[in-house]
Asks: 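This is the structure I want to talk about, given as structure tokens.
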Amino acid sequence: MKTKTGCNFRTPFITIIVATMLLLFVKSASAQSWEQVGNTGFSQSETRYPSLAIDKNGVPYLAYQNLDNYKATVKKFDGNNWVNVGTPDVSDGKATGLSLVFDQNNTPYLSYTSGENGEYSYLITVKKFNGTQWVTVGSPFDIGVGVETTSLAIKKDGTVYVAFQDSYNYSAALVKKFNGTKWVAVGGVVSPSSAEFISLAINEKDGFPYVAYSDRYYSYKATVKKFNGTSWVSVGPTGFTSGSADYTCLAIDKNGNPFLAYEDGNSGKANVRKYDGTNWIWVGDPDFTMGVSYESLVIDQNGTPLLAYKDWNADYGKASVSRFNGASWAFVGGAGFTPVNVENISLAIDTTSGTVFLAYQETDNNNYTSVMKFPLSALAVNLAEFSVRAVANTAMLSWSTVSEQKGDKYEIQRSTDGAVFKIIGYVNGNENTTATNTYSFTDKAPIQNAINYYRLNQIDFNGRSNLSRIIPLHFEAGLHKINAFPNPASDFLNVTCDATHQKLLVNIYDVSGKLYWSKTYLHPANPIQIDIKHLSAGTYQLTTTDERGNKSTGFFIRQ
């Protein structure tokens, strides 16, 4: 089981005055499917820096700064209530910029900065819970007067990394890892100058840590770098966003594809991009929201990105979560679903059950902390089986359900890269049923000689949707047909193909498999005439191979 957690950031120093604009915003009704996890405002104190993580058993854990004493607290939900993990005060002193993650052994780790009055950071501390108490990992290390933000990530092999802004290096981004004894720098500085909104993630495909940040050197546009074992190198172009990038949040799917979410400084709207190996391409449309802040990005078990944000288009800033359905971004459970307006949100997902959790500060309730959840399995349909297979020159999709509630239709989507999907058809669903139903769809025009990725988007009558897992199918073009005549032949053999080719390799073998003759034809005539007078009488095998590697075989008799 693997969990994904989103990014969370400190409250900006500058408060944007938006009262006049808010008069124009339309109130969005809260969706019914989002459920409260425990009591609302369960912290019962003003909080900051919520960081949410899910353990391998699907239990949500939440770390936050308790403003009663400015110390860190970690709680977990026991099924009924939020209870302390260890002592109520995890940190020895003030703690800011909290980041909570789990390792592969289900051990929670917490990083934070400590400083005077919770405003100025001097030390970074990392702790882990050993089942009884929180113990310090290595020794806290000095970062000078920095921003109260940390970003913690743990590799599958257990290596713990933490990224931060280091005032001793002109507030540049820096990463350290724990080598079992002490904290050591990973390469040199990540950024050439000051870095804001630092977000760290581990790419388990190549084994390297990646860091995203708002890059002062490029007018605070976004830059992503990775450590290649020797130095920090750019992932795609540096400063690649059109405007400044706020609340940069990095996530990497199980196939090693990096995704970056951010608020565009020019529009104040949310954007998500994916690295395609060369460039950072848009996931959906640019600026796909109204005004937002506090973005938090996760990737689900199917490689689908979900983005949470403070939605200025919902009252005075309730939370919304959107999910990319392959073509566009759609609300999960409706826009502005929180009962109150929010600050400092943190999104996490249990990738086993598909349940999404969101933690937030309630600005209308003394900045107390609350958590809500949304089971993605509650969307539209309970899908039991989904398969894809090649049938002649088509792809056959088959699936079954064990129950459907308000099921409207199935949107069939296809992709050639596993990221950007196109709708290729629809199949009607059953509105309400608890019986098993089977469905099928035939893709009559799959992309030839390529991997075709298929998935279903299950849509109910309320407009909610749920994406299935992605199934790849390597589709090879059917064999080209050849015809040889006359047969038997004595002097010349004519060979015709049922298609036009750029190149065709023709081989002639005897019955023992010995190659007697071979020739490659560029833009071959149809038919091709082959002189066979040099062949002895007998039976021969004829093979043709086109420019795509497709082969066809036949036999002829030389008399």
Side-chain angles (χ1 to χ4, degrees), residues 5-13 48-51 53 63-65 70 72 90-101 109-116 118-128 136-155 159-179 182-202 208-217 220 222-227 231-232 245-250 296 344 346:
T5 58
C7 306
N8 29 251
F9 302 99
R10 63 185 175 88
T11 305
F13 291 117
R48 292 288 187 277
Y49 315 105
S51 181
Y64 57 86
Q65 183 195 51
Y70 294 99
V90 174
S91 60
D92 300 322
K94 298 181 176 69
T96 57
L98 281 61
S99 182
L100 179 69
V101 299
Y109 283 71
L110 178 70
S111 65
Y112 57 88
T113 59
S114 56
E116 184 177 288
E119 295 178 0
Y120 299 104
S121 304
Y122 296 108
L123 296 174
I124 285 185
T125 300
V126 177
K127 289 192 172 187
K128 69 177 182 179
T136 303
V137 178
S139 299
F141 53 89
D142 185 12
I143 61 169
V145 181
V147 176
E148 56 273 80
T149 300
T150 65
S151 186
L152 190 66
I154 303 178
K155 197 174 175 180
T159 305
V160 184
Y161 294 83
V162 63
F164 55 92
Q165 189 184 65
D166 185 21
S167 67
Y168 291 122
N169 285 287
Y170 305 100
S171 297
L174 197 69
V175 175
K176 286 192 174 186
K177 71 176 182 180
F178 186 65
N179 67 2
K182 60 181 180 180
W183 290 94
V184 296
V186 178
V189 294
V190 180
S191 58
S193 63
S194 176
E196 302 274 348
F197 303 110
I198 298 168
S199 180
L200 172 69
I202 305 296
F208 297 133
Y210 285 55
V211 175
Y213 56 92
S214 177
D215 194 341
R216 181 183 178 185
Y217 190 80
Y220 294 102
T223 292
V224 178
K225 290 189 175 182
K226 74 174 183 179
F227 183 70
S231 59
W232 289 94
D246 296 335
Y247 304 105
T248 51
C249 189
L250 181 68
S296 186
N344 291 321
S346 180

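Excluded from the calculations below are hydrogen atoms, water molecules and symmetry mates; all remaining heavy atoms, backbone and side chain alike, are included. Only a predicted model underlies this, so the values are computations on that prediction, with no experimental measurement involved.
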Asks: Do Tyr64 and Asn344 have side chains that get closer than 4.5 Å, going by heavy atoms?
Replies: no

Asks: Starting at OH of Tyr70, measure out to CZ of Arg48 and round the result to the nearest 0.5 Å.
Replies: 8.5 Å

Asks: With heavy-atom distances below 4.5 Å as the criterion, would you say the side chains of Gln165 and Ser194 are in contact?
Replies: yes

Asks: My understanding is that only residues two or more places apart in sequence, or in another chain, count here; which of them pass side chain to side chain donor-acceptor pair (under 3.5 Å) with Lys127?
Replies: Asp92

Asks: With distance as the sole test, does Ser191 use its side chain to make a donor-acceptor pair with the main-chain N or O of Ser193 at under 3.5 Å?
Replies: yes

Asks: Say you draw a straight line from CG of Leu152 to CG of Leu200; how long is it, rounded to the nearest 0.5 Å?
Replies: 7.5 Å

Asks: Do Phe141 and Lys182 make a side-chain contact, defined as non-hydrogen atoms from C-beta onward lying under 4.5 Å apart?
Replies: no

Asks: So Trp183 and Phe178, do their side chains get closer than 4.5 Å, heavy atoms only?
Replies: yes

Asks: Does Ser296 reach the main-chain N or O of Cys7 with its side chain, forming a donor-acceptor pair under 3.5 Å?
Replies: yes

Asks: How about Tyr168: does its OH atom have over 12 heavy atoms from other parts shown lying under 6.0 Å from it?
Replies: yes

Asks: What is the minimum heavy-atom distance between Ala153 and Ala201, and which atoms define it?
Replies: CB-CA, 4.5 Å

Asks: Supply the atom-to-atom distance Tyr210 OH to Ile202 CD1, rounded to the nearest 0.5 angstrom.
Replies: 10.5 Å

Asks: Is a donor on one side and an acceptor on the other found under 3.5 Å between the side chain of Ser91 and the backbone of Ala72?
Replies: yes

Asks: Output the distance between atom CG (Leu123) and atom OG1 (Thr125), rounded to the nearest 0.5 Å.
Replies: 6.0 Å

Asks: Scan side-chain atoms only and decide if Ser151 and Ser99 contain a donor-acceptor pair under the 3.5 Å cut-off.
Replies: no

Asks: Does the side chain of Thr150 come within less than 4.5 Å of Ile124's, by heavy atoms?
Replies: yes

Asks: Roughly how far, to the nearest 0.5 Å, is CG of Leu100 from OH of Tyr109?
Replies: 12.0 Å

Asks: I need the minimum non-hydrogen distance between Ser167 and Ile143, along with the two atoms involved.
Replies: OG-O, 2.8 Å

Asks: Taking everything shown except Lys155 itself, do over 12 heavy atoms lie less than 6.0 Å from its NZ?
Replies: yes

Asks: Are any of the side-chain heavy atoms of Ser111 and Tyr161 separated by less than 4.5 Å?
Replies: no

Asks: Got a second to check how far Asn179's CG is from Thr159's OG1, nearest 0.5 Å?
Replies: 9.5 Å

Asks: Kindly write out the residues that satisfy side chain to side chain contact (heavy atoms under 4.5 Å, CB included) with Val189, not counting sequence neighbours, or none if the list is empty.
Replies: Asn169, Ala172, Leu174

Asks: Which residues pass the side chain to side chain contact (heavy atoms under 4.5 Å, CB included) test with Ser214, sequence neighbours left out?
Replies: Glu196, Phe197, Tyr220

Asks: List the atom of Asp142, the atom of Gly144, and the distance in Å for their closest heavy-atom pair.
Replies: OD1-N, 2.9 Å

Asks: With a 4.5 Å cut-off on side-chain heavy atoms, are Phe164 and Thr113 touching?
Replies: no

Asks: For the pair Lys225 and Tyr213, evaluate side chain to side chain contact (heavy atoms under 4.5 Å, CB included) and give the outcome as yes or no after the intermediate values.
Replies: CA-CA 9 Å; Lys225 290 189 175 182; Tyr213 56 92; 3.6 Å; yes

Asks: Mind checking whether Ile198 and Thr149 have side chains closer than 4.5 Å, heavy atoms only?
Replies: no

